[in-house]
Amino acid sequence: MTDSQTNSETGPPSEPGTDLHLELRGPGLRAGLTNALRDAVRTGRLAPGTRLPPSRSLAADLGVSRNTVTDSYAELVAEGWLTAQQGSGTRVATRAEPRRARPAASRAQPARKRPMYGLQPGSPDLANFPRTQWLTAARRALTSAPHDALGYGDALGQIRLRTALADYLARARGVYAEPERIVICSGFHHGLALMARALGARQVRAVAVEAYGLDLYRDLLTGAGLRTTPVHVDEFGARTDDLARLDGIGAVLMTPAHQYPTGVALRPDRRTAVVEWARRTGGLILEDDYDGEFRYDRQPVGALQGLDPDRVVYFGSASKSLAPGVRLGWMVLPQELVPDIVVAKGYGDYMSSALEQLTLAEFLTSGAYDRHVRSMRLHYRRRREQLVTALARRAPHVRVTGMAAGLQAVLELPHGTEQSVTQAAARQGLAVSGLAEFRYEVPESGRRLPEQDALVVNYAAPSDSAWTGALDTLCRVMPQAQG
């Protein structure tokens with residue numbers, strides 16, 4: 001690695017310049033340097049027009065004589081690889097690049113056309129990310145941060161963020177949270193991966209999961225060596241009484257405030273039943289509160305964790321309230337699990353960005369987070385009403401459910417039409433997800449889920465400019481009423 005120290009061949013060596021990595025190969029120093037420079041130009045690592053270090057600084061960095069460098073430069077200039085002009089230094093010459101063959105896959109398959117609109121679940125409205133307020137919070141956080149906050153830090157996460165989250169979660173979601181029981185992670189996926197490792201270390205072999213959900217998380221659990229078993233879901237949420245009939249289950253993964261993707265809330269008696277199951281068996285409830293802030297009806301549904309903080313692991317993140325790209329999530333743990341998660345973090349992503357954590361802490365304590373959530377709640381409520389109104393006018397036979405909270409709705413379709421509707425939407429440039437994508441079937445169990453045809457429609461994700469077109473296209477592809 002060299003550090004050129006001037007912008008001309010005769011400039012003082014103390015001036016800063018550019019770094020250049022070279023591996024000398026060949027029978028001698030000059031030949032090795034010449035070969036290394038030629039290969040760097042030939043392979044494109046040194047692009048046309050790139051200015052090379054002055055011969056004096058390159059010689060000093062490589063530990064060779066200046067004559068060795070000037071002779072190599074001169075040889076490559078003569079060959080046409082480099083150019084040299086008085087006052088301009090030595091540069092990589094502009095050469096005709098060889099024509100590169102297209103990869104075989106791209107020749108054989110036409111490029112897939114990108115959808116014009118997307119209503120697939122999983123993302124908030126990214127166009128409304130509070131950029132200005134986030135930047136203000138970042139400046140304040142960085143200005144006030146102590147020096148040691150920028151070090152490797154605590155595996156639990158920045159204490160300022162954990163303290164701010166403890167206050168917010170207790171107030172907004174009814175979570176019993178102390179800073180010492182909170183672990184910061186890079187989102188729900190990361191938190192679940194840590195929990196899977198911790199469960200394995202505790203000799204847990206099986207986890208129950210809701211029969212509708214993301215296969216990504218089921219695969220994560222099975223990839224960690226855990227067996228997964230589905231718990232059926234109906235209009236009142238997961239059928240938690242099924243847990244008593246399942247053998248060897250050490251934990252259950254649930255979305256009780258707003259089941260994903262059906263949108264139903266877990267009925268109170270079932271909330272009580274699952275907590276009683278955990279107390280009786282020593283099992284754990286893994287509560288994914290993925291969009292708990294966005295509730296539109298007048299009946300608030302708090303976090304399940306408040307019923308028994310010693311048997312429930314609470315997961316939350318900024319992915320839906322702010323943006324997935326923020327890459328911050330949190331786990332509120334039973335005290336006895338905290339050391340296990342710290343050990344699990346040591347095997348991979350030990351800590352999230354301190355700057356992002358401090359920014360989110362400032363965003364929470366300043367009230368900017370609450371203001372943003374309230375603003376987006378109103379925004380999404382309007383979107384929801386526009387969806388319901390449009391379907392009532394143009395496809396009144398389609399029933400819309402799962403609307404009390406969250407960022408998506410379920411559009412119930414006539415039997416046997418789900419696949420044809422998603423295909424028709426794709427032909428018109430609209431990406432939508434059928435309910436079948438989220439169904440978890442275990443053939444050997446002998447029990448099958450009732451097959452319901454439906455779309456899971458994310459009314460939050462499109463930008464304001466795309467929403468009208470997306471909604472119009474959705475209404476156009478709805479099947480005709482059966483009569």
Measuring only between side-chain heavy atoms, which start at C-beta, is Leu337 closer than 4.5 Å to Leu284? yes
Can you pull out every salt bridge (Lys or Arg N to Asp or Glu O under 4.0 Å) where at least one residue sits in residues 141-159? Sequence neighbours excluded, please. Asp154-Arg162
Audit row: Leu192, Asp288, side-chain contact (heavy atoms from CB on, under 4.5 Å) steps and yes/no: CA-CA 9 Å; Leu192 186 61; Asp288 178 9; over 6 Å; no
Rounded to the nearest 0.5 Å, the CD atom of Gln452 sits from the OG1 atom of Thr262 at a distance of 9.0 Å
Please lay out, stage by stage, how Gln158 and Ile184 fare under the test side-chain contact (heavy atoms from CB on, under 4.5 Å). CA-CA 8 Å; Gln158 292 286 324; Ile184 306 301; over 6 Å; no
For His258 and Gly263, work out which heavy atoms get closest and say how close. CD2-O, 3.0 Å
Do the side chains of Leu474 and Leu430 get nearer than 4.5 Å, heavy atoms only? yes
Close side-chain approach of Val301 and Arg271, heavy atoms under 4.5 Å: yes
I'd like to know if the side chain of Arg311 reaches the main chain of Gly283, judged simply by a donor and an acceptor atom lying under 3.5 Å from each other, with no hydrogens or angles considered. yes
List the residues meeting side-chain contact (heavy atoms from CB on, under 4.5 Å) with Val398, not counting sequence neighbours, and say none if there are none. Ala395, Leu411, Met478
Is it the case that Thr473 and Arg476 place a side-chain donor and acceptor less than 3.5 Å from each other? yes
What are the two closest non-hydrogen atoms of Gly122 and Tyr260, and how far apart are they? N-OH, 4.2 Å
Write out all pairs satisfying side-chain hydrogen bond (donor to acceptor under 3.5 Å, both in side chains) with one or both partners inside residues 382-393, taking only residues at least two apart or from two chains. Arg383-Asp464, Gln386-Trp467
Set out, in order, the CA-CA distance, both residues' side-chain angles and the distance that settles side-chain contact (heavy atoms from CB on, under 4.5 Å) for Leu304 and Val275, then state yes or no. CA-CA 9 Å; Leu304 184 67; Val275 171; 4.1 Å; yes
Nearest 0.5 Å please: distance from the CG atom of Leu387 over to the CG atom of Asn458. 10.5 Å
Distance col, row Ser317:OG vs Asp291:CG, nearest 0.5 angstrom, shows 9.5 Å
Is a side-chain donor or acceptor of Glu418 paired with a backbone partner of Leu435 at a separation under 3.5 angstrom? yes
Which atom of Val231 lies closest to which atom of Arg239, heavy atoms considered: CG1-O, 3.3 Å
Please determine whether side-chain contact (heavy atoms from CB on, under 4.5 Å) holds for the pair Met195 and Ile341, giving the CA-CA distance in whole Å, both sets of side-chain angles, and the decisive distance to 0.1 Å. CA-CA 7 Å; Met195 182 54 58; Ile341 296 300; 3.7 Å; yes
Nearest 0.5 Å, please: how far is OG in Ser420 from CG in Asp453? 8.5 Å
On a heavy-atom basis, the closest approach of Ala460 and Tyr380 is CB-CE2, 3.4 Å
By the ring-ring contact (aromatic ring centres under 6.0 Å, His included) test, which pairs, at least two apart or in different chains, include something from residues 168-195? Tyr168-Tyr369, Phe188-Tyr217, Phe188-Phe315
Would you compute the distance between atom CE of Met376 and atom CG of Leu378 and round it to the nearest 0.5 angstrom? 10.0 Å
Among residues at least two apart in sequence or on other chains, which ones pass side chain to side chain donor-acceptor pair (under 3.5 Å) with Arg394? Asp472
Could I get the full list of side chain to side chain donor-acceptor pair (under 3.5 Å) partners for Arg202, not counting sequence neighbours? Asp340
Donor-acceptor pairs under 3.5 Å, side chain of residues 126-140 to any protein atom, not counting sequence neighbours: which ones?
residue	atom	partner	partner atom	Å
Asn128	ND2	Asp125	OD2	2.7
Thr136	OG1	Thr132	O	3.1

So how far is it from Asp269 CG to Asp241 CG, rounded to the nearest 0.5 Å? 9.0 Å
Check whether any side-chain heavy atom of Leu119 lies under 4.5 Å from a side-chain heavy atom of Pro462, and answer yes or no. yes
Does some side-chain heavy atom of Leu355 sit less than 4.5 Å from a side-chain heavy atom of Leu150? yes
What is the minimum heavy-atom distance between Leu286 and Leu199, and which atoms define it? CD1-CD1, 4.3 Å
Please tabulate, for the side chains in residues 322-330, all donor-acceptor contacts under 3.5 angstrom to protein atoms that are two or more places apart in sequence or on a different chain.
residue	atom	partner	partner atom	Å
Arg327	NE	Ser186	O	3.4
Arg327	NH1	Pro324	O	3.0
Arg327	NH2	Ser186	O	2.4

Which pairs count as salt bridge (Lys or Arg N to Asp or Glu O under 4.0 Å) when at least one residue sits in residues 396-410, sequence neighbours excluded? Arg399-Glu412
Quick one: side-chain hydrogen bond (donor to acceptor under 3.5 Å, both in side chains) pairs with a partner in residues 401-410, sequence neighbours left out? Tyr290-Gln408
What are the two closest non-hydrogen atoms of Arg173 and Ala257, and how far apart are they? NH2-CB, 3.8 Å
Salt bridge (Lys or Arg N to Asp or Glu O under 4.0 Å) pairs touching residues 176-190, sequence neighbours excluded, are Arg181-Asp310
Quick one: are Arg205 and Gln203 in side-chain contact, heavy atoms under 4.5 Å? yes
Compute both the distance and the angle, then confirm whether Arg267 meets the cation-pi test with Phe236: under 6.0 Å from the six-membered ring centre, within 45 degrees of the axis. yes
Any side-chain heavy-atom pair from Gln259 and Leu266 closer than 4.5 angstrom? no
Inter- and intrachain pairs under side-chain hydrogen bond (donor to acceptor under 3.5 Å, both in side chains), touching residues 274-285, at least two apart: Arg279-Asp308
Note, Tyr440 side chain near Val209 side chain (heavy atom, < 4.5 Å): yes
Counting distance only, does the side-chain N/O of Thr163 pair as donor-acceptor with the main-chain N or O of Arg160 below 3.5 Å? no
